[in-house]
Amino acid sequence: MSELLEKDYTTILKTLQSTGVFVTCGLDTPNIMVAHWGTFGKMWGKQIFTLPVRSTKYSYRIISQTESFALNVPARDMRTEISLCDTISGFKCNKFETLGLHPKRARSIDSYVLGECGLIAEFKVIAVIDPENIESKIDGLFASKRPHSLFIADCYKLK
């Protein structure tokens, strides 16, 4: 296992907050989604990333089954691909093909990663917090009726 360095945290968080990062998951039924937020921290002696995903997303189904995902930070300007990825559904098409992206086998998890990305971190899910366990604690959190589950994952490998 390779630990994320401070500069890697900074790069991922900065990209999350600006353009977003690609999240890849799955082998048999691979998918890509875009994340625009998430958190890093240390817990249980592990480097932890918390990924929010709505249960209506195709990626939610895959991450729930495989208990893994990868964060893929573009090595070049990919705002067009990110924008398109946010608007098409993995239920309806193979996003790798539709977006013209090149999948590569992840090193440590059952997933593909993106060949176009320079910084890739692979994660194994160690806990899931469902929306009903959060909603009652934070008034008005899911007023939009689009709640997210939180996948808490251990950084398993870094490219």
Side-chain angles (χ1 to χ4, degrees), residues 1-26 30-44 46-64 66-90 95-96 98-104 106-109 111-131 134-135 138 141-144 146-159:
M1 180 160 60
S2 178
E3 288 222 350
L4 286 168
L5 303 173
E6 188 68 33
K7 69 180 178 89
D8 300 323
Y9 282 120
T10 302
T11 299
I12 292 170
L13 290 174
K14 188 175 179 182
T15 308
L16 270 170
Q17 295 168 0
S18 59
T19 59
V21 300
F22 291 105
V23 177
T24 53
C25 55
N31 196 45
I32 309 167
M33 65 174 244
V34 175
H36 296 280
W37 48 289
T39 61
F40 276 111
K42 285 244 183 198
M43 259 175 19
W44 309 305
K46 300 177 178 297
Q47 289 185 315
I48 300 296
F49 182 76
T50 302
L51 176 69
V53 183
R54 277 188 247 122
S55 62
T56 55
K57 295 280 190 183
Y58 187 49
S59 291
Y60 174 89
R61 180 186 298 175
I62 296 169
I63 294 170
S64 294
T66 64
E67 297 183 329
S68 62
F69 61 89
L71 298 180
N72 303 259
V73 179
R76 60 176 172 80
D77 183 355
M78 296 183 73
R79 285 179 285 192
T80 300
E81 291 88 344
I82 286 172
S83 181
L84 286 170
C85 189
D86 265 347
T87 62
I88 58 178
S89 170
K95 287 188 181 184
F96 288 95
T98 302
L99 297 170
L101 299 174
H102 302 93
K104 292 176 22 177
R107 294 180 182 178
S108 304
I109 60 172
S111 180
Y112 288 101
V113 296
L114 296 176
E116 290 82 359
C117 293
L119 173 59
I120 297 171
E122 299 177 13
F123 295 87
K124 289 193 176 183
V125 175
I126 56 176
V128 180
I129 302 174
D130 293 318
I134 305 167
E135 190 171 22
I138 303 173
L141 179 65
F142 297 128
S144 68
R146 297 175 66 181
H148 293 76
S149 291
L150 301 177
F151 288 96
I152 300 168
D154 178 18
C155 183
Y156 199 75
K157 194 70 175 179
L158 178 68
K159 173 187 163 194

* To do: May I ask you to test the Val125-Ile63 pair for a side-chain heavy-atom distance under 4.5 Å?
  => yes

* Asked: Run the side-chain contact (heavy atoms from CB on, under 4.5 Å) check on Phe40 and Leu4 step by step: do they pass?
  -> CA-CA 10 Å; Phe40 276 111; Leu4 286 168; 3.4 Å; yes

* Structure fact -> Nearest heavy-atom contact between Val34 and Gly20 is CG1-CA, 4.1 Å

* To do: Hey, could you give me the OG/NZ distance between Ser149 and Lys57, rounded to the nearest 0.5 Å?
  => 13.5 Å

* Residues in side-chain hydrogen bond (donor to acceptor under 3.5 Å, both in side chains) contact with Glu67, at least two apart in sequence or another chain -> none

* **Any residue meeting side-chain hydrogen bond (donor to acceptor under 3.5 Å, both in side chains) with Ser59, in chain and number order, not counting sequence neighbours** => Asn31

* Can you name the closest pair of heavy atoms from Asn72 and Val21 and give their distance? -> O-CB, 3.7 Å

* Asked: How would you list, by chain and number, every residue that makes a side chain to side chain contact (heavy atoms under 4.5 Å, CB included) with Ser108, sequence neighbours excluded?
  -> Glu122, Tyr156, Lys157

* Can you find a pair of side-chain heavy atoms, one from Phe96 and one from Leu114, that are under 4.5 Å apart? -> yes

* Asked: Atom CD1 in Ile126, atom CH2 in Trp44: separation rounded to 0.5 Å?
  -> 4.5 Å

* If you measure from NZ on Lys7 to CD1 on Ile12, what distance do you get to the nearest 0.5 Å? -> 10.5 Å

* Structure fact -> Note: Tyr60 and Val53 closest approach over all heavy atoms is CB-CG1, 3.7 Å

* Asked: Testing Pro52, Cys25, Ser64 for side chain to side chain contact (heavy atoms under 4.5 Å, CB included) with Phe151, which one passes?
  -> Ser64

* What's the spacing between Ile129 CD1 and Ile152 CD1 if we round to 0.5 Å? -> 3.5 Å

* Structure fact -> Heavy-atom closest pair (Ile120 atom, Ala70 atom, distance to 0.1 Å) is CG2-CB, 4.4 Å

* Minimum-distance pair of heavy atoms, taken over all atoms of Ala75 and Gly118 -> CB-N, 3.6 Å

* What residues, two or more places apart in sequence or in another chain, satisfy side chain to side chain contact (heavy atoms under 4.5 Å, CB included) together with Thr39? -> Thr50

* Asked: Between Thr24 (side chain) and Tyr112 (backbone), is there a donor-acceptor pair under 3.5 Å?
  -> yes

* **Straight-line distance of Phe49 CZ to Phe69 CZ, nearest 0.5 Å** => 6.0 Å

Atom pairs and distances, side-chain donor-acceptor, residues 81-90, under 3.5 Å, sequence neighbours left out:
residue: Asp86; atom: OD2; partner: His36; partner atom: NE2; Å: 2.8
residue: Thr87; atom: OG1; partner: Leu84; partner atom: O; Å: 2.8
residue: Ser89; atom: OG; partner: Phe91; partner atom: N; Å: 3.0

* Taking only residues at least two apart or on different chains, which pairs with a member in residues 9-23 satisfy side-chain hydrogen bond (donor to acceptor under 3.5 Å, both in side chains)? -> Tyr9-Gln47

* Any donor-acceptor N/O pair, Glu116 side chain to His102 backbone, under 3.5 Å -> yes

* Separation between CZ of Phe123 and CG of Leu71, rounded to the nearest 0.5 Å -> 4.5 Å

* Asked: At their closest point, which heavy atom of Gly38 faces which heavy atom of Leu16, and how far apart are they?
  -> N-CD1, 4.1 Å

* Answer yes or no: is there a donor N or O on one side and an acceptor on the other, between the side chain of Lys46 and the main chain of Asp154, under 3.5 Å? => no

